[in-house]
Amino acid sequence: MQRPLVILVAALAIPALPPAQVDSVKAPDPIPPLVARLDLERYKATIKGLTAFGDRRQGTDRNRAAVEWIEAQLRSYGCSDVSRLKYDFQPNSPSPEGRGGQGVRPARDTTRASGGSRYRGIRARTGVNTDSLKQPDARVRALDAQASTAGAREEVYCTKIGATHPKEMYIVGAHMDGIGWGEAANDDGSGTALVMELARVFSSADVRTDRSIRFILWNNEETGLNGSRAYVAQRRALQGSKQEPKWLGMIQHDMMLFDHGMPRADGTLAATQRPEADVNIEFQTSSKFAVQAQQLAWVFQVANEKYATDYPASVGSHMTNTDSAPFQDYVPAISLRENERGTQIGAGWDPNWHQPTDLYATYDDADFRLGLNAAQTTLAALAGLVGATTR
Ligand SMILES: [Zn+2]
């Protein structure tokens, strides 16, 4: 009902009014009430729901069960345009481009981090736990016991259809698979839950968007971005056809909870979230769409400043090792994280990364709140980009 009023006002009154009065008759900003539909307890509950499937390692029954659960949740939110991408995964034929697909990984220079960034300060050990006995909780150990087998894979997505430009869409993603003999609560239950919560808000019957949004939960990220690579390989050339809207941008979310700062000299970390914790928005400066991706990153930073409740956002230029990488030379692509992937995660800023300690119980509300602020950031930025309004 607001639109006819705005048009009427614009046609009749605005030319004669000074700017201050123009502002006073504008429709209210539709974004704050949308952001208010995100909630810490709901976000936590969605992460907790994902941890019921343990680490959700690709190629296992628990991974397939998690895909089913995610799909059921998306349908329950009203995101009814649900589909699955199907592909085959053979672990012995890795991508020739390597894990990050950046081409920026000079060997033997120990100051160079993944994605082209430079390490500073103290670094702690990182790695992937492959030892089941390092998981002290017998319940979690049993949950994660089944080994992965090669073969058919599926990943689920749903789409909010735009009202005026349905054939143009933003892709909003996170990976639902994990590793390390924990519950993959942070990596990447936190990103998966963020995308699911956004699907819930945008799918509400009273929310209208001009452009479309695809919410997708990648599989096989941990084996080398195979799920997102499969999507790009199968669907890039279909853009503009009936099967696939044109891609306007790709926004990835990976590890959203933990920003306790740099390791101390003895390799230990602070026990609690640092008060200056931030959401790290990264683009890749070596990508073909670096200029547009940087612009997109700043749109997110501005949205954070305006709408996120607790934690600020920073922009960095070395996006790497996540599912936005396969998109970065075809469309503006960014990632949101708890820390910069290259210089911070790569330097041991997250001691739970790929470890048995990546459990729901490891994190407290200050940690979960960082993820919620990332959700507020993406929701607000996207709402502006797709022209969201509530009826
Ligand atoms: Zn991850």
Side-chain angles (χ1 to χ4, degrees), residues 46-47 50-51 53-59 62-63 66-67 70 89 95 98-102 113-115 126-130 144 148 153 155 171-196 216-229 231 250-259 279-282 284 316 318-328 333-360 362-363 367-368 370-371 374-375 378:
T46 306
I47 296 174
L50 288 159
T51 62
F53 305 95
D55 66 4
R56 306 179 298 281
R57 183 185 292 263
Q58 55 78 36
R62 62 188 180 280
N63 174 277
V67 173
I70 292 166
F89 175 65
S95 156
R99 172 77 199 275
Q102 311 299 344
S114 180
T126 61
V128 177
N129 174 55
T130 55
D144 290 347
S148 173
R153 297 284 183 272
E155 60 196 8
I171 301 172
V172 179
H175 71 89
M176 51 72 64
D177 66 311
I179 50 175
W181 291 92
E183 292 175 332
N186 188 24
D187 185 11
D188 190 20
S190 63
T192 298
L194 184 161
V195 172
M196 291 171 69
I216 185 160
L217 291 316
W218 312 112
N219 208 339
N220 276 94
E221 192 272 353
E222 298 291 5
T223 50
L225 320 179
N226 307 88
S228 52
R229 289 188 201 285
Y231 186 94
M250 197 276 158
I251 301 121
Q252 171 73 0
H253 304 82
D254 196 350
M255 302 170 72
M256 314 309 300
L257 303 183
F258 192 96
D259 186 1
V279 177
N280 290 89
I281 303 163
E282 297 183 271
Q284 175 47 251
H318 301 295
M319 181 182 80
T320 183
N321 288 73
T322 195
D323 292 305
S324 41
F327 288 86
Q328 67 182 20
I334 60 172
S335 74
L336 278 73
R337 286 191 199 253
E338 61 193 14
N339 286 307
E340 291 191 354
R341 170 61 183 81
T343 56
Q344 298 178 345
I345 302 284
W349 287 37
D350 189 334
N352 309 306
W353 183 37
H354 299 157
Q355 297 301 311
T357 52
D358 190 1
L359 305 169
Y360 181 82
T362 296
Y363 307 100
D367 299 317
F368 289 117
L370 182 64
T378 294

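Just so you know, ligand 1 is whichever comes first in the structure, and atom 1 is the first atom listed for that ligand. Since the structure is predicted, the reported quantities are computational estimates derived from the model, not experimental observations.
- How far CZ of Arg337 is from CG of Asn321: 7.0 Å, rounded to the nearest 0.5 Å.
- For the side-chain hydrogen bond (donor to acceptor under 3.5 Å, both in side chains) with His175, the qualifying choice from Asp254, Asp323, Thr322 is Asp254, the only one to do so.
- With respect to the Zn ion (ligand 1), His175 has NE2 as its nearest N, O or S atom.
- Checked against side-chain contact (heavy atoms from CB on, under 4.5 Å), Ala333 has the following partners two or more places apart in sequence or in another chain: Met250, Met319, Ser324, Phe327, Gln328.
- Contact annotation: Asp187 places an N, O or S atom under 2.8 Å from the Zn ion (ligand 1).
- Taking Tyr360 as the reference, Phe368 meet the ring pair (Phe, Tyr, Trp, His ring centres under 6.0 Å) condition, with sequence neighbours excluded.
- Nearest N/O/S atom of Asp254 with respect to the Zn ion (ligand 1) is recorded as OD1.
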